Amino acid sequence: MVPVHRRGRLRYGLGLLVIVLLLPLDVRAEQGAATPPNIGPAPVAVRPVPPDAEIERFLLEGKVGDTHGTKKGISGAQRASLSAPTLTHDAQIQSIDEFKREFRTDRGVEFDFRDSWTFNVAAYRIDRLIGLNMVPVSVERKHRGTPSAFTWWLDDVLMDEGDRLKKKIEAPDRAYWSRQTTMMRLFDQLISNVDRNVGNIVYTQDWRLWLIDHTRAFRKNTELKTPAHATRCDRTVFERLKTLDQPTLKREVGKWLDDGQIKSLLARRDLIIQKIEALGPSALFDSTTPPQRGSK
């Protein structure tokens with residue numbers, strides 16, 4: 001037998017439950033009912049691509065066909081169809097190369113501002129040096145007489161980060177997505193990229209994250225712009241970061257980066273290494289990305 005005071009509480013509780021269940025679903029959601037996350041489509045296989053060395057050769061030698069502007073970006077990038085005897089594929093062409101003593105934005109004033117196609121090539125080559133494999137192949141080539149960056153156009157694109165956020169889509173494998181995002185942020189600290197935005201973070205159908213458009217990277221700051229973005233690292237990338245030195249960088253990217261930019265990059269690298277080592281083994285993880293789709 002239920003005591004009188006408890007019977008009263010029981011009737012009161014059941015009454016509240018009935019009222020809640022009669023509320024419209026949208027009202028119940030506003031009052032704290034859980035809403036299932038919008039999980040994106042499961043990863044699917046993407047078309048294989050040639051090894052990096054073959055892509056580089058194709059970008060350097062392919063005949064340029066139809067060319068037109070791209071829908072996104074403000075750097076005047078163009079999309080061009082390239083053809084060779086055994087391959088036809090698109091490339092992004094960027095020729096921008098601007099310097100301003102002062103450049104004002106809503107984030108403040110940047111001195112000695114540089115917006116240059118050369119940084120696309122440097123970002124690709126450094127990406128491969130450290131084993132990150134998140135930047136599409138990019139080479140230097142003249143377009144209509146102007147030195148430019150020719151970059152492999154990504155196939156099988158699912159969406160960019162702007163679309164993902166707008167549609168509130170979550171990756172089907174949150175752990176894999178988190179590792180990729182972590183490495184994107186660390187890479188941007190390494191190369192001092194001041195223009196990472198939702199339009200230059202791209203996902204392919206396998207939910208692999210690709211980083212494009214690095215024309216505003218390689219600033220000469222020797223401190224990390226956002227130290228909190230360099231607290232975890234892929235184990236293989238970490239070991240390769242430690243082996244970077246001035247002669248290697250001079251050989252691999254000296255055509256596109258000056259001595260000051262290389263020196264600044266190494267200073268930032270040293271800070272990243274110090275932060276990761278201070279945090280210990282728990283700051284390292286394995287397998288940032290699946291096996292590379294194309295390699296040298």
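Computed from a prediction, not measured in an experiment: that's the story for all the values here. Values below: every heavy atom of this structure, side chains too, minus hydrogens, waters and symmetry copies.
Separation of atoms OG1 (T151) and CD1 (I55) is listed at 11.0 Å; rounding is to 0.5 Å. To the nearest 0.5 Å, atom CG of residue L271 and atom CD of residue E223 are 5.5 Å apart. In this structure, CH2 in W152 is found 14.0 Å from CD in Q92, a value given to the nearest 0.5 Å. Rounding to the nearest 0.5 Å places OG1 of T146 at 14.0 Å from CD of Q94. Between the CZ atom of F150 and the CG atom of L60 there is a distance of 9.0 Å, given to the nearest 0.5 Å. Note: T204 OG1 to L209 CG = 8.5 Å, rounded to the nearest 0.5 Å.
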Derivation and outcome, side chain to side chain contact (heavy atoms under 4.5 Å, CB included), residues C233 and L284: CA-CA 5 Å; C233 187; L284 299 176; 4.3 Å; yes

The test is salt bridge (Lys or Arg N to Asp or Glu O under 4.0 Å); show your working for E54 and R57 and say whether it passes. CA-CA 5 Å; E54 292 183 22; R57 186 162 53 250; 5.0 Å; no

Please evaluate residues F238 and F285 with respect to the criterion side chain to side chain contact (heavy atoms under 4.5 Å, CB included), reporting the C-alpha separation (whole Å), side-chain torsions for both, the decisive distance (0.1 Å), and the verdict. CA-CA 10 Å; F238 183 69; F285 55 83; over 6 Å; no

Does R179 form a side chain to side chain contact (heavy atoms under 4.5 Å, CB included) with D234? I'd like the steps, not just the answer. CA-CA 8 Å; R179 292 194 299 270; D234 175 279; over 6 Å; no

Derivation of the side chain to side chain contact (heavy atoms under 4.5 Å, CB included) call for M184 and W210: CA-CA 9 Å; M184 171 188 70; W210 291 90; over 6 Å; no

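The minimum heavy-atom distance between P172 and P43, with the atom names listed, is CG-CD, 3.8 Å. Closest approach of F58 to R141, counting heavy atoms only: O-NH1, 4.5 Å. The heavy-atom pair separating G62 from L82 by the smallest distance is O-CG, 4.1 Å. The minimum heavy-atom distance linking S192 with R219 is given by the pair OG-CB, 3.3 Å. In terms of heavy atoms, T88 sits closest to S81 at CG2-OG, 4.0 Å. Across all their heavy atoms, H143 and S148 have their closest contact at CB-OG, 3.7 Å.
Here the side chain of R269 pairs a donor or acceptor atom with the backbone of L244 at under 3.5 angstrom. Without hydrogens or angle criteria, R125 side chain to V253 main chain gives no donor-acceptor distance under 3.5 Å. S178 places no side-chain N or O within 3.5 Å of a backbone atom of R174 that could act as its donor or acceptor partner. When atom types are taken as modelled, the side chain of T243 and the backbone of R240 share a donor-acceptor pair closer than 3.5 angstrom. A donor-acceptor pair is defined here as one N or O able to donate and one able to accept, closer than 3.5 Å; such a pair exists between the side chain of D127 and the backbone of N133. A donor-acceptor pair is defined here as one N or O able to donate and one able to accept, closer than 3.5 Å; no such pair exists between the side chain of N193 and the backbone of H214. Side-chain N or O atoms of N200 include one that pairs as donor or acceptor with a backbone N or O of D195 at under 3.5 Å. Proximity of a side-chain donor or acceptor of R268 to a complementary backbone N or O of L224 within less than 3.5 Å is not detected. Using a distance-only test at 3.5 Å, with no hydrogens or angles considered, no donor-acceptor pair links the side chain of R79 to the main chain of D90. Using a distance-only test at 3.5 Å, with no hydrogens or angles considered, a donor-acceptor pair links the side chain of Q180 to the main chain of W207.
Cluster membership for I191 and I273, using ILVMFWY side-chain heavy atoms within less than 4.5 angstrom, is shared. The same ILVMFWY cluster, assembled from side-chain heavy atoms under 4.5 Å apart, contains both W177 and L186. Using a 4.5 Å cut-off between side-chain heavy atoms of Ile, Leu, Val, Met, Phe, Trp and Tyr, with links allowed through other members, V198 and M159 fall into different hydrophobic clusters. The hydrophobic cluster containing V237 also contains L266, counting ILVMFWY residues as joined when their side-chain heavy atoms lie under 4.5 angstrom apart, directly or transitively. Under the 4.5 Å side-chain contact rule for hydrophobic residues, L211 and L165 do not share a cluster.
Salt bridge annotation for D112-K100: absent, with no cationic side-chain nitrogen under 4.0 angstrom from a carboxylate oxygen. With respect to D52 and R128, a salt bridge is recorded, a charged nitrogen being found less than 4.0 Å from a carboxylate O. Ion pair K220/D258 flagged as a salt bridge, since at least one NZ, NE, NH1 or NH2 atom sits closer than 4.0 Å to an Asp/Glu carboxylate oxygen.
For the pair W256 and E140, the minimum side-chain heavy-atom distance is below 4.5 Å. Here the side chains of L132 and L190 are not in contact, with every heavy-atom distance at 4.5 Å or above. For the pair I126 and L257, the minimum side-chain heavy-atom distance is below 4.5 Å. Side-chain contact between L129 and T248: present, with at least one pair of heavy atoms (C-beta onward) separated by less than 4.5 Å.
Paired with V202 under the rule side chain to side chain contact (heavy atoms under 4.5 Å, CB included), one option of D213, L158, L154, D163 passes, and it is L154.
Surrounding CG of N38 are more than 12 heavy atoms belonging to other residues, nucleotides or ligands, all under 6.0 Å away.
No donor-acceptor contact under 3.5 angstrom links the side chains of N120 and S138, judged on distance only. Counting only N and O atoms by type, the side chains of D115 and T215 include a donor and acceptor under 3.5 Å apart. In this structure, a donor-acceptor pair under 3.5 Å is present between the side chains of Y124 and E56.
A tilted orientation is assigned to the rings of F119 and F218, their planes being inclined by 30° to 60°.
In this view, H229 satisfies the side chain to side chain donor-acceptor pair (under 3.5 Å) rule with no residue, not counting sequence neighbours.
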